[in-house]
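Read the structure below first, then the notes.
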Amino acid sequence: MAEELVNVICTFCGSVCDDVLFDVENYKGKKFCKLGSGKFSPKERIKSPMIDGKEVSYEEAIEKAAEILVNAKRPLLYGWASTVNEAIRLGVILTEKVGGIYDQCASVCHAPGTLALIEEGVPGGSLGEIKNRADMVVFWGSNPLEAHPRHPMRYSVRAKGLLIKDRKDRKVVVVDVRKTKSANMADLFIKIKPGYDYPIISALRAIIKGEESAVPSEVGGVKKELLKELADMMVNAKYGAVLYGLGVTQSRGRDRNIENAIKLIQLLNRKTRWIIWPMRGHYNVVGAGEVPAWEAGYTYAIDFSRGYPRFSPGEFSANEVLQRKDCDAALIIASDPVAHFPRASVAHLKKIPVIQIDPFPNMTTLVSNVVIPSAVAGIEAEGTAYRMDGIPFRVKKVVETEYWSDEQILEKMLEKVDQLMG
Amino acid sequence: MSDIMLHIKNGIVIDPKNGVNAEKMDIFVKNGKIVEESEVSGEVKTIDASNKLVVAGGFDMHAHIAGSKINVGREMRPEEMRTVRLIAGKFRASIGRVLLTSPAIGYEYAKMGYTTAFEAAQPPVGALHTHEELDAIPMIDKAALPVFGNWHFVLKYVAEKDFEKLRAFIAWALERTKGFGVKVVNPGGVEAWMYGGNCKSLDDEVPGFGVTPREIITALIQETENLNLCHSVHLHCNNLGTPGNYETTIESMKLASKFSNEKRQVLHVTHVQFNSYAGSSWRDVASGAAEVAKYVNSVDNITIDMGQPIFGHATAMTGDAPFQFTLHKLTGARWSNKDSEIEGGAGIVPIAYLPKNPVHALQWAIGLELGLLVDSDKVVLSTDYPNGGPFTEYPYVMAMLMSKKMREKELERVSPYVQKATNLPSIDVEKTLYEVIHMTRSLPARVMGMDSKGHLGVGADADIAIYDLNPLEVDPSNDFETVYKAFKTAVYTIKGGEIIAKEGELVKEVWGRTFWVDARNKAAMDAIESDLDDMFEKYYSLQRVNYGVEEAWIKKPERLVMG
Ligand code: SF4
Ligand SMILES: [Zn+2]
């Protein structure tokens, strides 16, 4: 059959590559990395909406879901990182209506970055700036080659731009607790002891401030000489970028690590130009925070049970809510908490009515009372998504489908909830 | 827009565009427009506006209400979100002290009798985000101004003196961003910031491009005029927030002198308070407002807005990234920054204006000086929300402009520094109600080139505010508290012919339109095709095909074709 190649936007990881192609006839991606082509190739789907394992129509499943949400005292509406903003917005409004809790995947991954932002702000820049100007890039606790495979080529390592004509114009440093695949592409790999991000960043700050004598001969498994070399490279870079990952946010110190790193960036900007940015995971985890921020003032862990939004991470984040048994129903969309949450959280999920909206079956499907399959955004449904640097893209619909989009499902659910609440 | 017909009876109308000054009149509304009495018949809803002031809906032409800047502000400042304004019910929950959520922005404007607000700085590559947030704001009409002053295309075309291409590029950019006009923020300075620098004078060279702010501003005015856009260049001057900068401001204004336009100004200089400082350092800083006002009054092709600070919390957020870094260093406050592709940058820093702080009191006084000393036909009321403070305090600024007594009272609580560093204490001017209505309605509508806004003549949009204030009886000079209170809460706010708020309560949620300007028929669009392909290929991190915003993605777009 003749190939019909169309431009699409990859809806897998936070790189949101917009230069990839899709062969509509043969349902096959071109130019994608392995992760992306997995998503853009035929996969097992949830076949039909289901209530307690029995196949039903969309209308019936949505009606049942609306009943569950309305009858719950405090439902948890969780996930959102792998759907489009239009659906997320409806989700926030739905949570507000039913007096529930809105939480999203960031609460188990990049939330420490949000907390650091609250403490210090975020001196950042877009990926295009890194491509054009960064003569030094530091991957800190992040492993782009495995988590965001095309990131190095498109934006950060081999990308060429205004001031960077060649890979040789750019110094690439990887800081991590183990030698990852990404470390192999670096000019300098610095292996640190697990949990020592904070003191190492402090040491760099001290050296750059001229208080080198305060730094012991070794910090976190790194020799002072090497730290001095790194500090020197940083100060002498014309435009540098620190791109941090879960290795920093999920290790000892968590948000304090990022806070310290931001202070380092603030200091560096007194001497040269530096930015810092998180390597966000899912293709629209940024949108899952941005949308509730403009609709309700906060990015995650938002409780609406009093009729207005309240933010309290560690109290209203999904795991805490589940482990306190503080929700009596859950809607899980575009994520798989059963596969990723601690056992205590999953135990409560098993006890309460669960609604799932997802294109693909996963572990959460097994505990869900109502399962609503949805169209895959970026292939079968369109909508807005924010790349890891917050640049918005309209992901495309290139294939017709019988599946309803997340947006359609939630719109209908909202309508039903309205009816039931009178 | 509603098909309900309205008869607003016996109100006292002030409508500066049509020269109506406190006349008892009836207003008729049909299909969302203001019509002649003969047009309405049958089922007409009557509103008794006896002894009340009837004016056009307020028009905020410069605020930061949507897009990544305000949203990062919200994310950085959860403490802003602890003020609960409305609990969810028939309407959305709305919260926020100065930084409001999108629903809260629409609701608070509506309660105050405002029906239109423009987002004054849209990062082009983030245009879709700005429009998503604009679409989440209920009640009001809106638009966004994309920023041009540091965009590499602009720098390149100005350097090459290829004005035909610059013209086409502006038209292309407005269409792609669904933007309304040409915003310029610290021209050249933000590009210099990518190397840690800034452009502090009009003749500083932009690194890598061999152009100067002077050339950028002049070229952008020239091509905006050639395209005959409804709005002029909208300039945030170089050197913002620096003692002595009033000279740069006046010098920038002079760049407009060789241009003219019958319908409107050819240069709007924005939040001029931040650009009207005399002195040489923060030790001897003083007001340069009198000089700026003198210049603006002496020409007829420039308008400004105030950028009035309000005592209390605010958040500085501008495309002026180097200034934001300076502010962070100065105050030690949190700092967010965003360098954006080859287009520019931005920064965000929390701030609070304290009456006893000499610099803050000075800024407060300078804003008022500008409002008082500049001809009412040339100065629009603004706080540069949320930079100077909340738009919800516009009534405070209105009352202050009308009452010397109120100013004297306020002066007692501010730092005595203003006594020696500004003229405010000795200014006797009291603007009239008519002038203040002009500064908040008809003037901003004219400055933005919106014929259907800011007035109550037949054919205008039926955006109307009714206030509990009888212009024939009130003496704003003495009754400043009454005036302030009346403008805080409209008795009725009517949007497109529908009553949306009444006495501070929301009545109905409506969705306004988003205006954008299409000037493509006025330029040779083909001229830039290959440049666009080339620059996207080399310097953007996204494909050209995926850049920009389609009309279909906007809730209620309204395309204005430039003739
Ligand atoms: S890097 Fe990420 S966005 Fe790009 S193709 Fe791979 S999975 Fe998709
Ligand atoms: Zn502004």
Side-chain angles (χ1 to χ4, degrees), chain A residues 7 9 16 18-19 85 89 93 96-97 99 114 117-133 154-155 159-163 238-239 266 269-273 275 289-291 293-299 304 306-309 311 384 386-387 389-394, chain B residues 66 68 70-72 74-78 80-81 84 86-89 92-96 99-104 125-129 132-133 136 152 193-196 208 325 328-329 333-342 345 347-349 538-543 545-546 549-550 553:
Chain A
N7 169 256
I9 296 172
V16 190
D18 77 323
D19 62 339
N85 285 357
R89 177 164 188 268
I93 296 173
E96 180 179 305
K97 265 215 171 117
T114 306
L117 163 75
I118 291 167
E119 293 296 324
E120 289 294 339
V122 59
S126 75
L127 291 172
E129 282 298 71
I130 297 171
K131 163 187 154 105
N132 280 319
R133 302 183 199 267
R154 279 175 59 78
Y155 316 118
K160 293 173 196 155
L162 186 67
L163 307 177
K238 290 199 187 77
Y239 189 103
Q266 291 173 352
N269 273 289
R270 283 160 170 80
K271 300 174 186 288
T272 177
R273 279 308 316 285
I275 60 169
E290 293 286 324
V291 177
W294 77 61
E295 293 291 339
Y298 308 112
T299 59
F304 288 94
R306 292 191 186 165
Y308 58 88
F311 168 63
T384 304
Y386 293 164
R387 195 168 68 187
D389 56 351
I391 302 291
F393 288 87
R394 183 87 178 178
Chain B
S68 56
I70 182 163
N71 225 31
V72 170
R74 293 177 184 119
E75 289 162 19
M76 185 166 82
R77 307 199 67 186
E80 275 292 314
M81 297 301 157
V84 179
L86 191 69
I87 292 186
R92 295 287 307 285
S94 84
I95 59 170
L99 293 178
L100 308 179
T101 57
S102 306
V125 70
L128 181 53
H129 181 168
E132 276 200 289
E133 281 197 43
H152 286 198
W193 161 243
M194 302 308 163
Y195 305 85
F325 181 62
H328 151 74
K329 281 196 294 183
R334 284 169 271 179
W335 167 53
S336 287
N337 173 80
K338 183 79 172 279
D339 301 334
S340 293
E341 308 282 314
I342 52 167
I348 306 153
V349 177
K538 285 187 183 142
Y539 306 131
Y540 269 100
S541 63
L542 58 155
Q543 309 284 299
V545 287
N546 293 317
V549 181
E550 297 298 323
W553 306 344

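Lettering follows sequence order; numbering is per chain, from 1. These values consider heavy atoms only, across backbone and side chains, with no hydrogens, waters or symmetry-generated copies.
For the set A/K97, A/K271, A/R89, the entry with the most heavy-atom pairs within less than 4.5 Å of chain B is A/R89. Note: B/A136 leads B/A136, B/G126, B/G208 in heavy-atom pairs under 4.5 Å with chain A. Ranked by heavy-atom pairs under 4.5 Å with chain A, the list B/V545, B/L542, B/I342 is led by B/L542. When each of A/G125, A/P309, A/G289 is scored by its heavy-atom pairs under 4.5 Å with chain B, the top score falls to A/G125. Options A/T384, A/T272, A/L127 differ in how many heavy-atom pairs under 4.5 Å they form with chain B, and the most are formed by A/T384. Of all the listed residues (B/A66, B/P78, B/G89, B/S68), the one sharing the greatest number of non-hydrogen pairs under 4.5 Å with chain A is B/P78. Most heavy-atom pairs under 4.5 Å with chain A, from the set B/M76, B/E133, B/H152, B/E132: that is B/E132. For the options B/E80, B/K329, B/E550, heavy-atom pairs under 4.5 Å to chain A are most numerous at B/K329.
For A/I9, the part sitting under 4.5 Å from any heavy atom of chain B is the side chain, from C-beta outward, and nothing else. Within the 4.5 angstrom heavy-atom criterion, atoms from both the backbone and the side chain of A/A293 approach chain B. For A/E290, the parts lying under 4.5 angstrom from a heavy atom of chain B are both the backbone and the side chain. Looking at A/K160, the atoms closer than 4.5 Å to chain B (heavy atoms on both sides) all sit in the backbone: N, CA, C or O. In this structure, the portion of A/Y239 lying under 4.5 Å from any heavy atom of chain B is its side chain and not its backbone. Both the backbone and the side chain of B/Y195 come within less than 4.5 Å of a heavy atom in chain A. If you measure heavy-atom distances from A/Q266 to chain B, the contacts under 4.5 Å come from both the backbone and the side chain. For A/T299, the part sitting under 4.5 Å from any heavy atom of chain B is the side chain, from C-beta outward, and nothing else.
Note: A/D389 CG to B/K338 NZ = 6.0 Å, rounded to the nearest 0.5 Å. Atom-to-atom distance recorded for B/K538:NZ and A/N132:CG is 11.5 Å, nearest 0.5 angstrom. A/F311 CZ to B/M81 CE: the interatomic distance, rounded to the nearest 0.5 Å, is 11.5 Å. The distance from atom CD1 of B/I95 to atom OH of A/Y308, rounded to the nearest 0.5 Å, is 10.0 Å. Considering CZ of A/R133 and CE of B/M194, their distance stands at 5.5 Å, rounded to 0.5 Å. The CG atom of B/N546 sits 12.0 Å away from atom CZ of A/R394, with the distance rounded to the nearest 0.5 Å.
A donor-acceptor pair under 3.5 Å is absent between the side-chain atoms of A/E96 and the main chain of B/A88, judged by distance alone. For B/E341 (side chain) and A/G128 (main-chain N/O), a donor-acceptor pair under 3.5 Å exists by modelled atom type. In this structure a side-chain-to-backbone donor-acceptor pair under 3.5 Å is missing from B/R334 to A/L117.
Looking at A/R387 and B/S541, their side chains come closer than 4.5 Å, going by heavy atoms from C-beta outward. Counting only heavy atoms from C-beta outward, the side chains of A/R306 and B/I87 never approach each other to under 4.5 Å. Using a 4.5 Å heavy-atom threshold, the side chains of A/Y386 and B/L128 count as separate. Using a 4.5 Å cut-off on side-chain heavy atoms (C-beta onward), B/Y540 and A/I391 make no contact. No side-chain heavy atom of A/S126 sits less than 4.5 Å from a side-chain heavy atom of B/V125. Taking 4.5 Å as the limit, every side-chain heavy atom of B/S340 sits out of range of all side-chain heavy atoms of A/E129. Here the side chains of B/W335 and A/N269 are in contact, with some heavy-atom distance below 4.5 Å.
Side chain to side chain, B/Q543 and A/N7 fail the donor-acceptor criterion of an N or O pair below 3.5 Å.
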>> Under the criterion side chain to side chain contact (heavy atoms under 4.5 Å, CB included), I'd like the reasoning laid out for B/R92 against A/I93: C-alpha separation, chi angles, the key distance, then a yes or no.
In response: CA-CA 8 Å; B/R92 295 287 307 285; A/I93 296 173; 3.5 Å; yes
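For the pair B/R74 and A/W294, the cation does not sit on the ring face, since its NZ or CZ is not both under 6.0 Å from the ring centre and inside 45° of the axis.
Considering all non-hydrogen atoms of both residues, B/S336 and A/V122 come closest at OG-N, 2.9 Å.
The pair B/D339-A/R273 meets the salt-bridge criterion, with a side-chain N (NZ, NE, NH1 or NH2) lying under 4.0 Å from an Asp/Glu carboxylate O.
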